[in-house]
Structures are given as structure tokens and as C-alpha cells.
Amino acid sequence: MQSIDVRLSDLAEKFGCELIGENICVAGVASLSSAAHSDLVFLNNEKFIDQLIHSKAKAVIAKSNEKLPLDRSYLICRDPVLLFALIADYFNPRPLSQASIHPTAVIASDAVIAPDVEVGPHVTIETGVILSSGVQIKAGCFIGANSVIGANSILMPRVVVYSDSMVGERCVIHSGCVIGSDGFGNAWARDHWVRIPQLGRAIIENDVEIGANTTIDRGALDDTVIGSGARLDNLIQIAHNVKIGSNTAIAACTGIAGSAEIGANCLIGGGALIAGHLKIADKVTILAGSAVPSSLSEAGVYASGVPVVPHGTWLKNMVHFRKLDELAKKVKHIEKMQVAQQTTQGESSDTN
Amino acid sequence: MQSIDVRLSDLAEKFGCELIGENICVAGVASLSSAAHSDLVFLNNEKFIDQLIHSKAKAVIAKSNEKLPLDRSYLICRDPVLLFALIADYFNPRPLSQASIHPTAVIASDAVIAPDVEVGPHVTIETGVILSSGVQIKAGCFIGANSVIGANSILMPRVVVYSDSMVGERCVIHSGCVIGSDGFGNAWARDHWVRIPQLGRAIIENDVEIGANTTIDRGALDDTVIGSGARLDNLIQIAHNVKIGSNTAIAACTGIAGSAEIGANCLIGGGALIAGHLKIADKVTILAGSAVPSSLSEAGVYASGVPVVPHGTWLKNMVHFRKLDELAKKVKHIEKMQVAQQTTQGESSDTN
Amino acid sequence: MQSIDVRLSDLAEKFGCELIGENICVAGVASLSSAAHSDLVFLNNEKFIDQLIHSKAKAVIAKSNEKLPLDRSYLICRDPVLLFALIADYFNPRPLSQASIHPTAVIASDAVIAPDVEVGPHVTIETGVILSSGVQIKAGCFIGANSVIGANSILMPRVVVYSDSMVGERCVIHSGCVIGSDGFGNAWARDHWVRIPQLGRAIIENDVEIGANTTIDRGALDDTVIGSGARLDNLIQIAHNVKIGSNTAIAACTGIAGSAEIGANCLIGGGALIAGHLKIADKVTILAGSAVPSSLSEAGVYASGVPVVPHGTWLKNMVHFRKLDELAKKVKHIEKMQVAQQTTQGESSDTN
């Protein structure tokens with residue numbers, strides 16, 4: 001990462017924001033605490049003003065410069081996080097393909113590989129694979145027969161793509177991901193399981209990013225599809241025939257069972273469990289640790305995670321939780337008795 | 001997958017089912033929606049009849065042809081999913097070993113490798129390993145010293161098998177699996193952890209299938225054992241000394257802690273957590289997202305997953321959940337008071 | 001593992017414990033059930049005395065020999081598990097570096113590699129990497145540009161370390177781990193996600209052990225840090241900017257969200273979910289399956305996992321759980337009525 005010096009006025013023009021203060025140069029982005037004089041930082045929340053005061057950074061992205069130190073320069077915008085992301089990417093773009101095939105890579109003679117593709121050491125590329133322009137296949141990846149990787153996609157080291165998979169353009173797939181492995185399909189035959197061959201494909205549309213060690217199974221008969229622009233974190237399980245809508249973001253450790261259809265623009269928190277054969281509407285937010293056993297047809301925020309309490313409290317609560325039905329029945333009975341008493345008492349009072 | 005044309009009467013004879021309708025040829029299997037004219041489909045549920053009417057498929061596996069379109073041919077059987085699995089496998093058998101050792105594989109000179117074994121590119125096979133007849137070790141796998149892979153087992157790309165592990169016959173292990181890694185054994189020494197060497201083995205019996213990125217630790221002193229015919233999905237954690245009974249099926253994202261013994265023919269839903277040092281009986285079903293803290297000695301269905309509700313409802317519920325014990329005590333107190341009142345009221349009424 | 005015969009008196013001297021009984025030789029350690037005559041076993045709990053009686057082992061580590069068979073020799077100590085760990089490690093030390101670079105490894109010409117380093121087959125080591133003395137990089141690992149691996153650390157087969165990561169001394173990282181992959185950083189731009197470049201590092205301090213297929217993201221701007229002596233089990237997700245304190249042990253399948261700070265000497269059970277941007281104090285224990293949505297400032301034991309019940313019970317309980325707020329309101333109403341009744345009744349009684 002060699003540093004390039006850029007004037008704030010140039011950034012303001014390029015990214016459509018307002019410069020307030022001295023038109024200094026910046027050489028990169030940083031956090032408030034780690035910034036050097038030449039770094040650009042962002043302030044998204046007033047509670048960090050104190051950190052800003054102690055930061056070495058001279059240039060700050062913020063919503064406004066009200067109440068902020070006068071000795072800094074500001075790039076003012078509606079969404080500091082977004083502007084910071086765009087400028088951070090400007091200073092630190094993803095590296096381009098080195099347009100070279102490492103001699104240790106094992107590549108089927110009939111694979112179609114664009115001239116500017118990068119293939120790293122110890123990669124295996126099987127028959128019929130297509131690697132489009134600008135693709136980067138890093139060390140140790142495996143691309144199974146007849147799979148297609150779209151233009152400018154990057155597979156980080158040790159990604160496995162099973163046969164017949166489709167990865168779109170500008171995707172990034174992190175290390176250890178397995179794309180297109182067999183779905184969990186078994187039929188019970190009196191005393192043993194018979195596998196149901198998994199004949200569908202795994203299709204990753206354009207602009208998808210997938211975290212480390214996430215697994216995406218191929219479809220059973222039809223396809224598993226990750227919609228364009230989706231973001232998947234690490235260690236996520238996507239079962240066969242799942243459809244994930246465009247721009248849906250899913251945090252780590254989430255499991256989505258077979259044939260679930262998740263809408264577009266959903267936010268799914270970490271460690272969520274989503275059952276199979278259900279539909280989740282667009283713009284649904286599911287908080288971390290929640291379990292979704294059936295369809296959610298309305299946009300909105302849903303939750304079921306259970307927060308920790310001290311162990312002693314938990315033990316006492318659990319006694320009653322395990323027999324919540326009994327407690328509810330007791331309350332119902334008490335209500336009935338109370339009504340009866342009121343009546344009796346009313347009568348009793350009447351007789352006075 | 002070149003297509004082979006097969007008469008329905010031949011399938012009926014081979015798989016012991018009844019043909020109703022014209023004895024046409026089929027070339028493969030498909031889903032109702034994606035089927036071509038030459039595909040065989042299955043119907044397991046009357047709610048899909050409409051899809052069948054619109055399907056191009058001419059041949060259908062079903063329990064009966066009652067109420068079903070007259071212009072199709074039917075293979076009638078008791079269990080359409082099972083018959084479909086068997087016929088799908090007939091059309092799409094697992095590929096056989098290519099009986100070739102890739103020149104990039106690094107193989108210890110004393111490894112015992114049957115003549116018809118397939119070893120892919122960039123594989124490492126250490127000293128003392130035995131690969132039995134028909135074994136397929138796909139690209140990038142690692143087989144540690146003295147491990148044994150039984151006849152006709154398939155290790156998909158980038159599986160790691162640590163030393164001294166045993167994999168049975170006809171197993172399939174998907175990409176990214178780690179078999180025989182160290183269990184989580186640590187002893188506390190006042191101010192730091194001391195590792196407890198993990199000296200047992202990981203033993204995978206015959207006909208086991210294991211999904212992508214699942215981890216199975218070796219035993220601490222004795223062995224970890226996955227029983228014959230078991231089915232494990234993706235991203236499952238099996239800790240040291242766990243025993244999984246025959247034909248037990250475990251869905252993705254489940255974690256099983258050390259020394260747990262799971263019976264045979266169990267069904268364990270996704271994202272389950274099973275504590276260590278417990279026993280689960282045969283034929284136990286544990287629904288997705290459940291936590292099992294102690295032994296289950298009776299066959300049956302168990303659950304503890306908590307389903308989502310709208311966030312507002314959840315917030316209100318959680319207030320009370322955190323002090324469920326208080327609520328229960330309140331109810332108990334009310335009950336007592338009610339009894340007391342009844343008595344008083346009774347007396348009061350008596351005095352009238 | 002060739003066996004070495006050691007006198008119990010030598011072990012007693014070396015590890016500071018007391019020998020009671022005959023000063024025999026032992027050749028290794030084992031479990032009670034699998035021990036041969038020459039094995040040393042341990043007894044941590046009186047409930048296993050019966051197993052000891054039937055064990056072939058002649059030498060036993062125990063807290064005292066009271067009530068124990070007279071025909072065995074004992075090493076008496078305060079903490080049998082710890083002594084067993086130390087002696088097991090003495091008999092089964094981690095193998096040392098073989099001080100050899102496999103010819104199939106692809107190593108950048110400017111990587112700095114100590115003379116006694118072991119690099120296995122199919123390893124890739126990029127520019128600027130430093131491998132310190134005694135390091136073992138097993139088959140198929142990838143070490144990204146400018147990463148540093150400290151002295152005597154071991155990376156098991158197929159570990160991926162992204163660029164600019166730091167691994168301390170005497171660490172062990174198991175197969176399939178991904179260290180330093182991009183954190184899950186995305187900014188929403190009206191109709192699509194913009195990635196937030198992940199510019200921090202992943203830092204693993206000294207004496208850390210990390211289980212198979214665990215993922216540790218690099219920091220967004222600052223660093224992700226796993227403190228010295230920490231123990232991480234398999235399939236754990238550590239998000240960007242997380243700090244894990246020294247000697248904290250985390251069981252499998254746990255997810256820790258971005259910027260969480262976990263104290264030192266914590267114990268975190270399996271399948272826990274810890275939210276981002278919170279602080280957990282030192283010496284906090286979180287039981288398996290718990291969710292931590294906010295900071296825990298006091299040492300102690302916390303829980304929220306929900307244990308299984310038979311499915312029928314669960315269904316009935318869930319009806320009420322989903323409307324726990326209603327139940328609580330009902331109880332409040334009943335209480336009020338009861339007080340009102342008491343008053344009325346009191347008055348009513350008074351009028352008698």
C-alpha cells in the first residue's frame with residue numbers, strides 16, 4: 001500500500017460532499033485512535049467527540065462541524081459511514097489480477113481462461129471451466145468441471161467450487177468457502193439412508209461477497225441461488241434450493257435450511273436459524289440468535305434470542321419455563337375463581 | 001452426464017413398483033418445474049398436483065394415480081421419495097475412481113495404495129497411510145500418517161484427515177472437512193492452560209456421509225466414533241470421544257460436546273447444541289435449534305427452539321421472561337390469598 | 001510414538017507429587033478402560049473407582065489413595081487432571097520441526113525463513129513473510145504477504161493466514177482455520193452495499209491454540225487481537241476488532257460479533273453468541289448456548305440456553321411464551337382485583 005496524497009477539495013468534488021476548513025492533503029484513512037496527521041477519519045456519533053479531540057487526524061468526515069474542533073478540516077455529508085467506505089475504497093482498491101498463471105496450477109486443457117486471468121499456486125481447474133476476464137483464483141483453489149467464474153471475481157486462497165456452479169461478476173469469495181457441495185438429501189429405506197443425488201447447481205449472482213468457511217450447497221433438482229449484491233459473513237450454511245434475494249446481508253454462524261426463500265434487502269443477524277420450505281418477505285430484519293420456523297410475510301423486525309442473566313436467576317426461571325403451560329392454567333383457574341368469588345361476594349353483600 | 005433412455009417397465013421391474021399408463025422411455029429425473037418431456041418426476045403431496053398439470057414431464061412417481069392427469073404414465077409405489085432417490089441414483093451414480101495418481105501428489109514411499117485408487121492434484125499422503133480399493137482422494141486433500149481409508153470411499157477436494165484416523169468403506173466426505181483434529185482438552189495450571197495431548201483416534205465407520213466444513217475431533221484417550229450409515233450435514237462440530245450411533249442423521253450447524261453418546265437412528269435438527277458426557281437413546285428426534293443439557297433416555301421428539309415474534313412483542317415478553325420466577329411466585333401468592341379469602345368469605349357468609 | 005519407560009519415582013520428582021506404592025515403570029498414559037499394564041491412568045472422581053478396579057493399569061494419578069485398590073501404585077497430587085496433562089505431554093510432546101522445506105512449496109524469494117523451519121508440500125508463502133525459528137507450516141497452508149509467524153508455532157495442514165497477520169510464539173492453529181480474512185464491513189448506498197475496506201490486522205499473541213475451521217477476521221481499521229494463552233475450539237467466528245483476553249477459553253460453534261471485548265480468564269461455552277460493541281469483564285463464565293446482547297461488568301456465571309422438553313410440552317409452553325406479556329398483565333390485573341375484593345370483603349365483613 002504505497003500512499004497517495006490527495007487534496008480534500010478533490011475528494012469533495014469526486015464524492016459530492018462539502019469541504020469546510022483548510023484544503024489539506026490526506027494520504028489514507030484510519031480510526032480516530034490510530035490516525036496519523038495525514039489520515040482521514042470519520043465521526044458518526046457525538047459520543048466520539050472526545051476521541052476526535054485526542055486524535056492526530058487533521059481531516060474528518062462528519063454530518064456537520066457543529067461543536068467539533070475548529071483546528072480540523074471537515075468533509076460534510078449526510079452519511080459519514082458511506083462516504084468513509086467510498087473514500088477508504090478509493091485509497092485501498094481491491095488489487096487487480098496479475099494476469100499470470102502459476103506453473104504449479106493444474107488446469108484442464110479445455111478450460112477457457114481469459115488472457116488477463118490470475119491463477120495462483122497449487123490451483124486445480126477441471127474440464128470445461130470458464131474463467132472470465134480479470135478473474136483472480138488465489139492459491140490452492142479448486143474449480144470443478146464446467147463451473148463458470150464471471151468477470152473480475154476474486155476467489156481467495158483455498159476456496160472450493162464444485163462442478164457446474166456459476167459465480168457472477170465482481171464477486172469476492174473468502175478462504176475456505178465451499179460452493180456447490182451436495183445438499184443434505186436422504187431417503188429412508190427401512191434400515192438405512194439412500195442418498196438423493198444432488199443434481200441442481202449453486203448460482204452466485206453478480207457483486208456477491210461471501211465470508212470465510214461459509215458453505216453453499218448445490219440444489220437437489222433445481223438451483224440454489226444467492227441474489228446479486230448479497231453479503232454473506234463467515235461460517236454460514238446455505239442448504240440446497242435456498243434462494244437469497246438481492247442485497248440481503250447475513251451475519252456469521254447463521255444456518256438456512258433447504259428450499260427457504262429469503263427476500264431482497266433483508267438483514268439477518270448472526271447465529272440465526274431459518275427453517276426450510278418457508279418464505280421471508282423483502283426488508284425483513286431478523287435479530288441475532290433468532291429462530292424462524294415459518295414464513296414471515298410482512299417486512300419488519302423480528303426476534304427470539306434469549307439474553308443471558310446470572311446463572312442463579314436462570315436456574316429459577318427455567319423451573320417455571322419448563323412448565324409455563326401449568327403456570328398459565330393456574331392463572332386461568334385463579335381468574336375463574338375470582339369471578340366466581342365476586343359473584344358470590346356480590347350475592348353475599350346483597351343479602352346483607 | 002450422458003443420457004440413457006430407459007423404459008418405465010424396466011424401472012418398474014428393477015425397483016419393484018407398478019406401471020400405470022403408457023410404457024414410455026425416460027432419460028433422467030427432474031423437478032416438476034424444470035422437467036423436460038423425457039424426465040421422470042415425483043409427486044409426494046397432493047398440493048403439488050397443479051404443478052404436475054403444468055409440468056412437461058410425461059412420467060411420474062406417485063403413491064397412486066387417483067385424481068392425477070390421465071395423459072401421464074405412473075410408477076406407483078408406497079414411498080415416492082425413496083423410489084425417486086433410487087432411480088435418481090440409477091441415472092446419476094457416483095463417478096468411479098479414475099484409477100490414476102496425479103503427478104503433483106506427494107505420497108510417502110511406504111503408503112499402501114490399491115492399484116485402482118484415484119489421487120488428485122496437490123494431494124499429500126503421509127507415511128503408513130492405507131488407501132483401499134476404489135478410493136478417490138480428490139485435489140488438495142491431506143491424509144496424515146497411518147490413517148486408513150476404506151474401499152470405495154470418496155474424499156472431495158481439500159479434506160484433511162489427521163494421523164491415525166480410520167475411514168470406513170463407501171464413505172463420502174465433502175470439501176473442507178477436518179477429521180481427527182485435536183480435541184479441546186486443557187487443564188488449568190493456576191495462571192495458564194496446559195494442553196491435554198489428544199491420543200485417541202477419529203473412526204468413521206462404513207457408509208457414512210459428511211458435509212462440507214464439518215469437524216470431527218480425535219478422541220482424548222479413547223476414540224471418537226461415527227457409526228455406520230450416519231449422515232452428517234455441513235458445519236457440524238463433533239468433539240472428542242463422541243459416539244454417534246448407526247444411521248443417525250444430523251443437520252447443519254449442530255455442535256456435539258465431548259464424550260456425548262448419541263444413539264442409533266436419531267434425527268437431530270440444524271443448529272442443535274448437545275452437551276458433553278450425556279447419553280441420548282436410539283430413535284430420539286431433536287428439533288432444530290434445541291439445546292440438550294442432559295441425557296434423554298426415552299425415544300421421542302424433543303424441542304426447545306424459540307420461534308421469532310415481532311420485535312415489539314419480544315421486548316415486552318423478555319421483560320417478564322427475565323423475571324419469570326417472580327411472576328410464578330406472584331401467582332403462588334395470589335392462589336394462597338384466594339384460598340384465604342374463600343375461607344374468610346365462607347365464614348363471613350356463614351355468619352349471615 | 002516409540003514408548004519410553006519411566007520410573008514413577010522419576011515422575012514424582014519431576015512433577016512434584018508423592019509416590020505411594022511400588023516404584024514401577026510406566027510407558028505411557030491411557031484411559032481406565034483402554035490401559036495396558038504399563039500405562040499410567042488418572043482418577044478424578046470416586047464414581048470411576050469401579051472402572052479402576054477393572055482397569056489393567058498398575059499406576060494411577062489420584063488425589064489420595066483412600067478407598068482405592070491396594071495393588072496399584074499411586075502418584076498423589078492436588079489436581080489429577082493437571083498432573084495427567086503434564087505427564088501425558090511428557091510422554092507425547094508435540095513433534096519438533098523437521099527443518100526441511102518441501103520442494104513443492106512456493107515461497108517468495110524475499111520471505112525470511114529461519115534455518116530450522118519446516119515447510120510442507122503445496123504450501124504457498126508470499127512476499128515479506130517471516131517464519132521464525134522452529135516454525136512448522138504443514139501441507140497446503142497459505143501465508144499471505146508480510147505476515148509473521150512466531151517461534152515454534154505450528155500451522156496444521158490447510159491453514160490460511162491472510163496478509164499482514166501476526167501469529168505469536170508456540171501457537172498451534174488447526175486445519176481449515178482462516179486468520180485475517182476481511183471483516184463483515186458494509187455501508188448501505190441507497191440500493192446496494194459498498195464494502196468498507198478492512199485495513200486492520202489479525203494478531204494472535206503467544207501460546208494461543210485455535211481449533212479446526214475457526215475463522216478470525218482482520219480488524220476494520222484497528223486490529224483483532226487474540227490474547228496470549230487463549231484457547232479457541234473448532235468452528236468459532238471471531239469478527240473484526242474483537243479483543244479476546246489472555247487465557248480465555250472458548251468452546252466450539254461460538255460467534256463473537258465485531259468490536260466485542262472479552263476479558264481475561266473467561267470461559268465461554270459452546271454455541272454462545274456474543275453481540276458486538278460490548279465489554280465482558282475478566283473471569284466471566286458464559287454457559288453453552290447463551291446469548292450475550294450487552295456488556296457484563298461483573299465476574300460470575302451467566303446463562304440463557306433453553307433446555308429441551310418433550311415436543312408436546314414445548315408446543316403448549318410456546319403458546320404462552322409468545323404472549324408472556326399478556327400472562328403477566330393478567331396476573332397484575334388479578335392482583336389488583338384481589339386487593340379490591342379484600343377491601344370490599346373487609347367492608348362487607350365490617351358491616352356484619
Side-chain angles (χ1 to χ4, degrees), chain B residues 104 106 122 124 140 142 158 160 176 178 181-182 184 186-189 192-197 199 213 215 217 221-222 235 237 239 253 255 257 273 275 286-287 290-293 296 300-304 306-307 309 313 316-317 319-321 327 330-331 334 337-338 341 344-345 348 351-352, chain C residues 29-31 33-34 81-82 84-86 88-89 92 102 104 120-122 139-140 156-158 174-176 207 209 211-213 229 231 233-235 247 249 251-253 270-271 288-289 305-311 314 318 321-322 324-325 327-328 331 334-335 338 341-342 345 348-349 352:
Chain B
T104 58
V106 173
H122 313 305
T124 300
F142 171 89
R158 314 238 176 277
V160 171
V178 179
S181 45
D182 280 4
F184 197 57
N186 304 291
W188 184 245
H192 68 284
W193 293 106
V194 171
R195 75 156 186 144
I196 301 174
L199 306 172
N213 282 351
T215 57
D217 283 343
L221 292 169
D222 298 321
L235 288 171
Q237 152 71 353
C253 303
L273 289 173
I286 293 165
L287 297 190
S290 299
V292 183
L296 298 173
V301 182
Y302 298 83
S304 75
V306 179
V309 288
T313 308
K316 284 191 283 183
N317 287 344
V319 170
H320 306 295
F321 184 60
L327 185 67
K330 219 177 260 181
V331 171
I334 291 171
M337 293 297 293
Q338 202 172 51
Q341 280 188 337
T344 320
Q345 195 182 338
S348 157
T351 60
N352 283 327
Chain C
V29 297
S31 68
S33 59
S34 68
V81 173
L82 175 58
F84 184 80
L86 293 166
D89 188 65
N92 305 275
H102 197 276
T104 59
H122 313 307
M156 297 302 286
R158 315 237 175 277
H174 282 282
S175 291
D207 300 297
E209 299 198 11
N213 283 352
R231 289 289 184 276
D233 199 354
N234 299 352
L235 288 171
N247 298 319
C253 303
V306 179
V308 284
V309 288
H311 190 220
W314 189 252
M318 275 299 117
F321 184 61
R322 291 173 75 106
L324 194 56
D325 185 52
L327 185 68
V331 171
I334 291 172
E335 268 185 316
Q338 202 170 50
Q341 280 188 337
Q342 272 183 298
Q345 196 181 337
S348 156
S349 295
N352 285 328

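Every chain is numbered from 1 and lettered A, B, ... according to where its sequence line falls, protein lines coming before strand lines.
When heavy atoms are compared at a cutoff of 4.5 Å, B/N213 approaches chain C by way of both its backbone and its side chain. For chain C, the nearby part of B/L296 is the side chain; its heavy atoms alone come within less than 4.5 Å. Both the backbone and the side chain of B/V106 come within less than 4.5 Å of a heavy atom in chain C. The parts of B/I334 that come within reach of chain C are both its backbone and its side chain, each placing non-hydrogen atoms under 4.5 angstrom from that chain. Looking at C/L82, the atoms closer than 4.5 Å to chain B (heavy atoms on both sides) sit in the backbone and in the side chain alike. Interface residue C/T104: only side-chain heavy atoms are found under 4.5 Å from chain B. For chain B, the nearby parts of C/A328 are the backbone and the side chain; heavy atoms of each come within less than 4.5 Å. Using a 4.5 Å cut-off between heavy atoms, C/R322 touches chain B through backbone and side chain atoms alike. For B/A189, the parts lying near chain C are the backbone and the side chain together; criterion is any non-hydrogen pair under 4.5 Å.
Contact tally against chain C (heavy-atom pairs below 4.5 Å) for B/A257, B/P293, B/G300: the top residue is B/P293. Top candidate by heavy-atom pairs under 4.5 Å with chain B, chosen from C/H174, C/H311, C/Q338, is C/Q338. Listed options B/P307, B/A187, B/A291 were ranked by heavy-atom pairs under 4.5 angstrom with chain C; first place goes to B/A291.
We find the CZ-CG distance between C/F84 and C/D89 to be 11.5 Å, quoted to the nearest 0.5 Å. For the atom pair C/C253 SG and C/D233 CG, the distance stands at 8.0 Å (nearest 0.5 Å). Taking CG of C/L86 as the start and CZ of B/R195 as the end, the distance is 11.0 Å to the nearest 0.5 Å.
Ring geometry for C/H122 versus C/H102: interplanar angle of 30 to 60°, hence tilted.
Summarising the geometry of C/S31 relative to B/D222, their closest heavy-atom pair is OG-OD1, 2.6 Å, with the distance given to 0.1 Å. Contact between C/W314 and B/S304 at its shortest, heavy atoms only, is CZ2-O, 3.0 Å. B/W193 approaches C/A249 most closely through the heavy-atom pair CZ2-CB, 3.7 Å.
When atom types are taken as modelled, the side chain of C/N234 and the backbone of C/A212 share a donor-acceptor pair closer than 3.5 angstrom.
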